[in-house]
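These figures come from a predicted structure and were not determined experimentally. Letters A, B, ... are given to chains in the order of the sequence lines, protein chains preceding strands, and every chain is numbered from 1.
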Amino acid sequence: MKHELIQDSNKIILKNVKDFEPKDIFECGQCFRWKKEDDASYTGVAYNRLLNVKKVNNEIHFKNTNYQDFLNIWVNYFDLNTDYSLIKKRLSNEDKVMEKATSFGDGVRILRQEPWETIISFIVSANNNIPRIMKAIELMCSRFGNEVGIYNGKKHYSFPEPKVLANLKPEDLSACNMGYRGPYIIKTAKQILSNPNQIDLLQGINTDICREGLMELSGVGPKVANCIAFFAFGKLDAFPVDVWVKRLMEFFYFNEEMKPKEIEAFAKKQYGQYAGYAQQYLFYYGRELGIGKGGAKVVGYNS
DNA sequence: CGTCAGGTTTGTT
DNA sequence: AACAAACCTGAC
């Protein structure tokens, strides 16, 4: 690691950090448990630790932690040993779209999230929107997780273990605004519980088999499986196709309606081992160009 | 009040 | 293998 690190009381400061923008990281849709504070910092829980992250000029301040946890947990969680400038450079070489796309969303990093939490979180994300996903998960954690600490006057909770969720009733989860996803969650929790090695196995295998394995879980289809493979298992070539990516890919590359499977296949061929990152930068580029619902506001890109 | 949202499951061809 | 319909819930 090339970053200059300063140890303060209960706080770690990193200097000269490139490609690290908290808003890009925590609000790009990859995670659902980081909340923005009034001072524009973000507070969240991972690996049973409560952390607050703030960017101050060119420094990143990690509060409520220590040197040991920083090295053992947060360096990996924030993917600090990956050179995002290099990834952007590689993607730029693929085509004109990526050449432009990588110049936006400058500070995004892909968090290396915990598999169990990621599996359940993305089951919740199906046919859902971010504010509702966050609210539902927050409710579930506060009711069925353990308290991990207080920050800025607010209590924070761990993500409930498989055995806890496996023993819930659907109505327990309905009460957390999970809607019809409650039974999926309970069933998946039981599946993981009855096969404790499942997660370790998925960690070590290739992307396609990892995705197949994930799709055997209840509530996990192609899109959610790709999200979990990418965000939790480090399968960097996984390319989740949701309605937004679909629209964007159709706009930038096809100029006609495509099936998600066709788009995924094209993406893997086009972007190779970094397809997942390409998907992230695509979002920011789409936002920059104002390409949204109901087709493109910008026309004639390929003409 | 109807439509729709960051898909998956279940049931039909 | 491919397609349609149902599904919680909250925002517009």
> Would the base of B/dG7 count as contacting A/Y184 through its side chain, where contact means a donor and an acceptor less than 3.5 Å apart?
no
> With a 4.0 Å cut-off on heavy atoms, is A/V245 in touch with a base, just the backbone sugar-phosphate, or nothing at all?
nothing
> Quiz question: by atom type and distance under 3.5 Å, do the side chains of A/Y47 and A/N72 form a donor-acceptor pair?
no
> Are the side chain of A/S41 and the backbone N or O of A/E37 linked by a donor-acceptor pair below 3.5 Å?
no
> Once you round it to whole Å, what is the distance between C1' of B/dC4 and CG of A/N128?
12 Å
> Have a look at A/F32 and say if it touches a base, only the backbone sugar-phosphate, or nothing, with a 4.0 Å heavy-atom cut-off.
nothing
> So, the side chain of A/S158 versus the backbone of A/N146: is there a donor-acceptor pair under 3.5 Å, distance only?
yes
> Looking only at non-hydrogen atoms, find the nearest pair between A/F70 and A/L14 and report the distance.
CZ-CD1, 3.6 Å
> Assign A/P131 to base, sugar-phosphate, or nothing according to its heavy-atom contacts below 4.0 angstrom with the strands shown.
nothing
> At their closest point, which heavy atom of A/F20 faces which heavy atom of A/K55, and how far apart are they?
O-NZ, 3.2 Å
> Taking the same atom, P, in B/dG11 and in C/dC8, what whole-Å distance lies between them?
14 Å
> Answer with base, sugar-phosphate or nothing: what part of the nucleic acid does A/L248 contact at a heavy-atom distance below 4.0 Å?
nothing
> Can you check the A/I133 CD1 to B/dT8 P distance for me, whole Å?
12 Å
> Look at all strands and tell whether A/G219 reaches a base, only sugar-phosphate, or nothing, counting heavy atoms closer than 4.0 Å.
sugar-phosphate
> Shoot me the first and last contacting nucleotide of DNA chain C against chain A, ordered 5' to 3', at under 4.0 angstrom to non-hydrogen atoms.
C/dC3 to C/dG10
> What is the distance, rounded to the nearest whole Å, between atom NZ of A/K223 and atom C1' of B/dG7?
8 Å
> Once you round it to whole Å, what is the distance between C1' of B/dG7 and CG of A/L217?
15 Å
> Please work out if A/C176 contacts a base, only the sugar-phosphate, or nothing of the nucleic acid, heavy-atom cut-off 4.0 Å.
nothing
> Between the side chains of A/Y42 and A/E27, is a donor N or O closer than 3.5 angstrom to an acceptor N or O?
yes
> Please report the distance, rounded to the nearest Å, between CE in A/M215 and C1' in B/dT9.
11 Å
> Can you tell which of B/dT8, B/dG7, B/dA5 lies closest to the side chain of A/R132?
B/dA5
> Which whole-number value in Å describes the distance from A/Y180 OH to B/dT9 P?
11 Å
> With side chain to side chain donor-acceptor pair (under 3.5 Å) as the test, pick out the partner of A/Y84 among A/D79, A/D19, A/T102.
A/D79
> Round to the nearest Å and state the distance from A/N129 atom CG to B/dT3 atom P.
19 Å
> Give the minimum heavy-atom separation between A/R109 and A/F78, together with the two atoms involved.
NE-O, 2.9 Å
> Mind calculating the distance between NZ (A/K187) and P (B/dT10) to the nearest angstrom?
6 Å
> Find the partner of C/dC8: check Watson-Crick (N1-N3 plus N6-O4 or O6-N4) and G-U wobble (N1-O2, O6-N3) distances, both under 3.5 Å, and reply none if neither fits.
none
